[in-house]
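From a predicted model like this one, the values you see are computed outputs, not experimental measurements. Just so it is clear, the values below take in all heavy atoms, side chains as well, and ignore hydrogens, waters and symmetry mates. Order of the sequence lines sets the chain letters (A, B, ...), proteins ahead of strands, with each chain counted from 1.
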Amino acid sequence: MGIDMRFGQWFLIAFLFGLASMPARADFEVFACEPEWTSLVREFMPDARFTTATSYLQDPHYIEARPSLIAAMRRADIAVCTGASLEAGWLPTLLQRAGNPKIQSGRPGLFFAADHARLHAPHEHVDRSMGDVHPEGNPHVHLSPDQLPRIAEALADRLGELRPDAATDIQARYIKWRVRWNNHRAEWQEKAKGLQGQAVVIQHTSFGYLLRWLGVEATIDLEPKPGLPPSASHLSELLSEPGLDAAGAILIASHQDRQPAEWLAKRTGKPVLVFPGTVTDEAPTETLAGLITTIVNGLEETMAGASYGSL
Amino acid sequence: MVYRVLPFVLIPLIGINTGVAANELNPDVSVTLDGYYKQNDTALSHREKGFGLGHTELSLSSPIDDLFSGRLTAVFEEHDGESEVLIEEAYLQTNGLPAGLGVRAGRFLSQVGYLNGRHMHEDDFVERPAVYRALLGSHYYDTGVRLNAVLPTPFFWQVGAEAFNGNQLSEGDEDIGVYTLNTRVGGDLSVSQSWQAGLSWLRNRQVSAEDDEGEHDHDHEGGHDHSHGASYTGENLYVADAVWKWSPNGNTREQQITLSGEYLYADELNEFATSDDVHEGWYVSGVYQFAPQWSAGVRYGEVDLREPHGDHFHSQSLEETDVMLSWSRSHFSTLRLQYTHQSATGFSKADNTVMVQYVMSLGAHGAHGY
């Protein structure tokens with residue numbers, strides 16, 4: 001039985017040491033899978049402590065369940081993620097390894113934005129020959145001017161449910177955010193008039209919701225199949241694509257390799273626009289509204305000008 | 001005004017969504033196909049030369065309810081023309097017990113070391129390092145129970161214990177033939193770099209009870225009668241492991257470097273063993289994923305073994321260098337070309353070989369660990 005004793009002691013020492021090294025806990029620990037959700041929760045609960053699993057320079061499909069994220073998940077009071085299988089490659093491992101009862105699936109501490117939005121292009125039939133297609137629909141919903149308020153409302157409700165003492169404050173902040181968002185949306189709508197009917201070449205559907213909302217067509221994709229990196233053969237095929245002439249720009253996200261877009265730009269003379277796929281650490285793209293404004297302005301400068309010129 | 005019409009267009013699609021939801025009640029099914037061609041036989045290998053099937057897996061997994069989830073993994077293997085079906089995993093796992101505790105019970109891969117707890121199809125090389133093949137049978141799994149705790153520290157710190165039947169490592173009569181203790185720490189050094197280190201101890205209580213079946217069998221290697229257990233055991237096995245990963249801005253999609261290494265040490269080999277009779281081995285591996293679909297890697301490893309022969313031991317040692325290049329069309333398919341160089345003392349089959357391997361994953365693809 002000496003062994004059992006040894007284990008017991010060792011375990012106890014490990015536990016005590018662990019507890020002693022625990023920092024003073026902030027009131028509310030938020031684990032966000034993507035930075036857009038950090039930014040949104042911060043609007044409603046500015047004093048919470050945040051861990052963000054990914055940045056705008058990372059492809060959120062391909063994150064590793066690395067040790068620091070397990071530790072953060074272990075501490076979290078709420079985990080806010082996109083859902084719709086975007087994080088299928090790493091979130092289940094994190095949830096299982098962290099073993100935090102508050103944020104297991106089905107409990108209020110696990111919030112999936114996609115559950116509160118109407119996703120574009122859900123598929124009844126999906127197989128892998130189609131590429132990395134999400135049966136639930138396009139998960140990159142955070143840049144949708146119409147869908148985001150629904151998500152924000154559900155998120156504010158959920159935060160209030162988890163922190164009843166702060167619920168009134170959270171609601172008040174949500175209402176202020178909503179008013180500002182509606183004002184921004186009116187501005188974007190105004191700018192969209194100049195973009196309506198234009199087209200861009202894209203790489204993956206990261207900006208899909210915003211482009212649809214703006215009325216910008218995005219049918220030519222540098223990716224041969226969703227989730228596959230652009231290949232040389234696919235890029236040369238694109239050169240003979242009939243819709244290519246109509247495209248006013250090539251739009252890619254900061255985390256994507258620029259070479260394919262630049263290759264196409266060199267051969268077609270079309271400008272390459274690189275925008276963060278999500279919020280960054282610096283103004284003006286540190287909030288979702290700021291990011292959408294930046295993208296809309298960028299598109300307008302590049303494309304609306306070009307079409308006026310041709311008039 | 002596309003966005004005004006859109007909600008109405010989507011109404012029929014919402015109906016479709018409920019169909020997807022019902023389908024989610026079925027367990028996730030995943031199949032891993034692993035096939036290879038190997039030019040020559042090599043020492044301590046579980047893969048014979050020529051065309052062959054490697055670790056072909058069928059796996060079912062699902063949440064059971066809000067507290068439990070479960071997994072069943074069957075492995076199909078062929079040895080000397082005979083097909084076998086092995087149950088490699090059949091376990092329940094708790095989700096979200098209080099205090100960061102997690103319990104796993106049934107049959108599962110032991111968490112000793114870095115590689116052992118991982119599925120073989122996640123590996124970067126065709127076979128595990130020589131020291132793993134000798135001391136753990138490539139991957140040690142058994143029937144038992146595990147208790148893990150993730151401590152509430154600012155960095156990652158996990159402690160865990162496992163108790164196993166032990167018969168997958170050495171045959172014996174003990175109820176608890178093997179138990180293990182394990183601790184693991186890790187964190188981020190910067191946005192681009194992360195690390196993990198672990199220490200494990202595996203106690204095998206059935207070593208001395210095992211018959212010296214290999215007593216007069218001097219060809220105590222590859223094509224072994226007990227192909228899945230470890231060929232070399234000791235009462236104590238200690239493992240130290242470390243992993244460091246780097247990708248520019250943490251974007252593992254585009255590029256990643258993974259350096260890993262492990263050291264294994266086993267002593268108390270049997271009742272005749274002196275303090276000098278130990279098994280010992282290590283490896284270091286570096287893999288560079290230089291484009292989303294391409295990886296290249298080098299691995300070097302050594303193992304020094306003491307093969308029991310009645311009341312004395314014969315020394316064996318093996319040095320192995322592997323170089324590999326792999327291409328993944330998507331996240332679900334990998335083709336690999338590998339060259340292995342072996343130089344050995346006490347092994348008759350040691351040789352150099354070229355291997356070509358495919359690893360294909362069909363159906364649900366479980367999330368990978370670190």
| said: Between A/Asn100 and chain B, with a heavy-atom cut-off of 4.5 Å, which part of the residue counts as in contact: side chain, backbone, both or neither? | reply: backbone
Is the shortest heavy-atom distance from the side chain of [X] to the side chain of [Y] under 4.5 Å?
X	Y	answer
B/Pro152	A/Arg74	yes
B/Val191	A/Gln58	yes
B/Gln158	A/Arg97	yes
B/Asn251	A/Asp59	yes

| Looking at B/Tyr370, does the NZ or CZ of A/Arg66 lie under 6.0 angstrom from its six-membered ring centre and within 45 degrees of the ring axis? | no
| note | Answer key: most heavy-atom pairs under 4.5 Å with chain B among A/Gln104, A/Lys225, A/Arg107 is A/Gln104
| Top contributor to chain B contacts, counting heavy-atom pairs under 4.5 Å, from A/Ala72, A/Ala71, A/Pro101 | A/Pro101
| message | Quick one, A/His61 with B/His331, criterion side chain to side chain contact (heavy atoms under 4.5 Å, CB included). Give me CA distance, side-chain angles, the key distance, then yes/no. | response | CA-CA 11 Å; A/His61 300 84; B/His331 201 55; over 6 Å; no
I'd like to know which of [options] tops the heavy-atom pair count under 4.5 Å against chain A.
options	answer
B/Gly100, B/Gly102, B/Ser194	B/Gly100
B/Pro248, B/Ser330, B/Pro292, B/Gly250	B/Gly250
B/Arg184, B/Arg253, B/Arg329	B/Arg253

If you round to the nearest 0.5 Å, how far is [atom2] of [Y] from [atom1] of [X]?
X	Y	atom1	atom2	answer
B/Gln289	A/Tyr62	CD	OH	9.5 Å
B/Thr153	A/Arg75	OG1	CZ	8.0 Å
A/Ser105	B/Asp66	OG	CG	8.5 Å
A/Ile63	B/Thr252	CD1	OG1	5.5 Å

| message | Regarding B/Glu254 and A/Gln256, do their side chains bring together a donor and an acceptor under 3.5 Å, going by distance alone? | response | no
| said: Counting only heavy atoms not in B/Asp65 (residues, nucleotides, ligands), do more than 12 fall under 6.0 Å from its CG? | reply: yes
| query | Does CD1 belonging to B/Ile176 count more than 12 external heavy atoms closer than 6.0 Å? | reply | no
| task | Mark yes or no for whether A/Ser68, through its side chain, and B/Asp188, through its backbone, hold a donor-acceptor pair below 3.5 Å. | result | no
| Sub-3.5 Å donor-acceptor pair from the side chain of B/Asn249 to the main-chain atoms of A/Leu57, do we have one? | no
